[in-house]
Amino acid sequence: EAKGRTVLRLVRGAAGAGQIAYDIDAASVDDAALAGVDAILHLAGENVGARWTDERKRRILRSRVASTELFARAAARLDKKPALLCASAIGIYGFDRGDTWLDESTPPGDGFLADVCRAWEAAAQPARAAGVRTAHLRLGVVLSAEGGALAKMLPVFKLGTGGKVGSGEQFMSWIALDDVVRAFVFALDHADLSGAVNVVAPEPVTNAVFTQALGRALDRPAIVPVPAFALKLAMGEMARETVLASQRVAPKRLADAAFTFSYPDIDAGLASALR
């Protein structure tokens with residue numbers, strides 16, 4: 001909006017002013033309201049940050065796949081083809097990749113989240129087949145004090161009882177929220193960006209480095225480790241594929257397109273999230 005664009009919000013339920021309704025159960029969206037738009041930016045999906053029951057896993061998968069297919073088919077039907085920019089996740093690379101560098105050319109890995117991401121991106125095929133520019137914005141851990149992983153860590157670290165998780169050697173590919181927004185706008189503006197695009201900062205860090213940086217940012221010690229077995233007991237499969245996962249991801253497509261990060265290192269990223 002600050003760049004002069006008109007933004008229409010996609011909403012579940014009745015649409016108000018400046019909104020477009022959609023319903024994945026009914027597989028419906030208001031095509032007339034989408035007519036003439038330049039792009040559809042699809043970010044919705046069930047929260048993965050809670051213990052995974054069979055029902056939650058079903059919702060995680062369906063919320064992403066059914067909605068993406070809905071918007072892909074809508075984009076394909078429109079006379080004026082909009083760009084389709086869909087959120088995805090670096091979970092597609094699998095959860096146990098050690099210190100190996102991963103970029104957009106890396107094949108998908110193993111695990112529930114990798115399977116979800118494969119199906120999520122595949123659901124956009126109707127748009128691609130119709131000639132719609134389609135990009136999959138593969139997000140890493142987004143740093144924000146308002147939500148996500150960092151918001152859950154802050155109370156513990158502010159008390160001085162935070163520390164590394166498990167061995168602390170697992171790599172965490174993160175990005176500041178402001179850079180996420182800038183990367184999405186960049187993708188909107190660059191018609192040559194399609195397919196997979198890693199939306200992560202250029203300097204992933206180990207969990208041990210991250211927790212020390214967070215302690216510095218809060219001026220608190222970060223010396224109380226969390227054993228991996230305790231997390232597995234508390235969170236099960238979700239812990240193995242999220243907080244204990246190791247994914248060292250490079251934003252190669254963004255770098256090749258000359259995108260400039262405002263917060264390329266972890267100290268700057270945390271400062272932006274905590275300001």
Side-chain angles (χ1 to χ4, degrees), residues 1-47 63-89 120-121 123-140 142-148 175-200 251 253-254 257-263 272-273 275:
E1 291 176 333
K3 290 172 69 72
R5 290 185 167 96
T6 298
V7 178
L8 305 174
R9 286 157 178 80
L10 293 159
V11 298
R12 296 181 294 276
Q19 298 178 336
I20 300 173
Y22 73 97
D23 185 334
I24 62 172
D25 291 325
S28 66
V29 64
D30 187 347
D31 283 14
L34 287 173
V37 302
D38 295 314
I40 299 171
L41 179 57
H42 174 36
L43 309 175
E46 175 83 11
N47 183 11
S63 64
R64 287 161 172 77
V65 173
S67 55
T68 299
E69 184 173 2
L70 175 64
F71 294 124
R73 292 191 182 283
R77 287 193 301 267
L78 295 171
D79 292 332
K80 176 190 173 184
K81 299 291 189 281
L84 178 61
L85 307 184
C86 292
S88 184
W120 192 1
E121 296 185 5
Q125 180 56 28
R128 283 191 292 271
V132 172
R133 177 170 75 97
T134 304
H136 303 286
L137 303 165
R138 295 176 174 174
L139 287 159
V142 179
L143 299 185
S144 170
E146 303 302 316
I175 184 168
L177 178 59
D178 286 354
D179 275 341
V180 171
V181 177
R182 292 179 58 253
F184 284 8
V185 173
F186 186 86
L188 283 170
D189 290 341
H190 285 71
D192 56 336
L193 270 181
S194 62
V197 180
N198 291 335
V199 184
V200 292
R253 296 286 309 285
L254 285 177
F259 177 78
T260 302
F261 289 86
S262 295
Y263 308 102
S272 75
R275 67 175 182 263

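All residue numbers in this chain count up from 1 along the given sequence.
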Could you tell me which non-hydrogen atom of [X] sits nearest to which non-hydrogen atom of [Y], and how far apart they are?
X: A123; Y: A72; value: O-CB, 3.8 Å
X: N198; Y: P251; value: O-CB, 3.7 Å
X: L188; Y: A39; value: CD2-CB, 3.4 Å
X: A176; Y: S272; value: CB-OG, 3.5 Å
X: A183; Y: V199; value: CB-CG1, 4.0 Å
X: C86; Y: L84; value: SG-CG, 3.7 Å

Exercise for the section: Would you please test L143 and Y263 for side-chain contact (heavy atoms from CB on, under 4.5 Å) and show each step? Expected result: CA-CA 11 Å; L143 299 185; Y263 308 102; over 6 Å; no
Handout entry: Pair V185-K3, side-chain contact (heavy atoms from CB on, under 4.5 Å): steps then yes or no
Key = CA-CA 10 Å; V185 173; K3 290 172 69 72; 3.6 Å; yes
Exercise for the section: Return each pair, listed once, that meets side-chain hydrogen bond (donor to acceptor under 3.5 Å, both in side chains) where at least one residue sits in residues 72-87; pairs must be two or more places apart or across chains. Expected result: D31-R77, D38-K80, E69-R73
Practice task
Applying salt bridge (charged side-chain N to carboxylate O under 4.0 Å, His left out), name anything that partners R182, two or more places apart in sequence or on another chain.
Solution key: D179
Partners of [X] by side chain to side chain donor-acceptor pair (under 3.5 Å), sequence neighbours excluded?
X: Q125; value: R128
X: R64; value: none
X: R133; value: none
X: T134; value: none

Report, one line per pair, each donor and acceptor closer than 3.5 Å where one atom sits in a side chain of residues 189-196; sequence neighbours left out.
| residue | atom | partner | partner atom | Å |
| --- | --- | --- | --- | --- |
| D189 | OD1 | R5 | NH2 | 2.3 |
| H190 | ND1 | F186 | O | 2.9 |

Would you say the side chain of [Y] lies within less than 4.5 Å of the side chain of [X], judging by non-hydrogen atoms?
X: V37; Y: T6; result: no
X: L41; Y: L137; result: yes
X: S262; Y: D178; result: no

Practice task
Give every residue pair that meets the salt bridge (Lys or Arg N to Asp or Glu O under 4.0 Å) criterion with at least one member in residues 14-30, sequence neighbours excluded.
Solution key: D25-R62
Handout entry: Sequence neighbours excluded, every pair satisfying salt bridge (Lys or Arg N to Asp or Glu O under 4.0 Å) that has a member inside residues 7-22
Key = E1-R9
Exercise for the section: Give a yes or no answer on whether the side chain of S63 reaches the backbone of E46 with a donor-acceptor pair at less than 3.5 Å. Expected result: yes
Completion exercise
Separation between CD1 (I24) and CG (L70), nearest 0.5 Å, reads 8.0 Å
Problem - Partner of S88 under side-chain hydrogen bond (donor to acceptor under 3.5 Å, both in side chains), chosen from R138, H136, E121 - result: E121
Fill in the blank from the handout: Contacts of V142 meeting side chain to side chain contact (heavy atoms under 4.5 Å, CB included) (sequence neighbours excluded), chain-then-number -> L139, I175, L177, V180
Exercise for the section: List the steps and the verdict of side-chain contact (heavy atoms from CB on, under 4.5 Å) for L85 and V197. Expected result: CA-CA 10 Å; L85 307 184; V197 180; over 6 Å; no
Exercise for the section: Take L34 and V29, measure what side-chain contact (heavy atoms from CB on, under 4.5 Å) needs, and give me the verdict at the end. Expected result: CA-CA 9 Å; L34 287 173; V29 64; 4.0 Å; yes
Completion exercise
residues 11-34 vs ring pair (Phe, Tyr, Trp, His ring centres under 6.0 Å), sequence neighbours excluded, gives Y22-F71
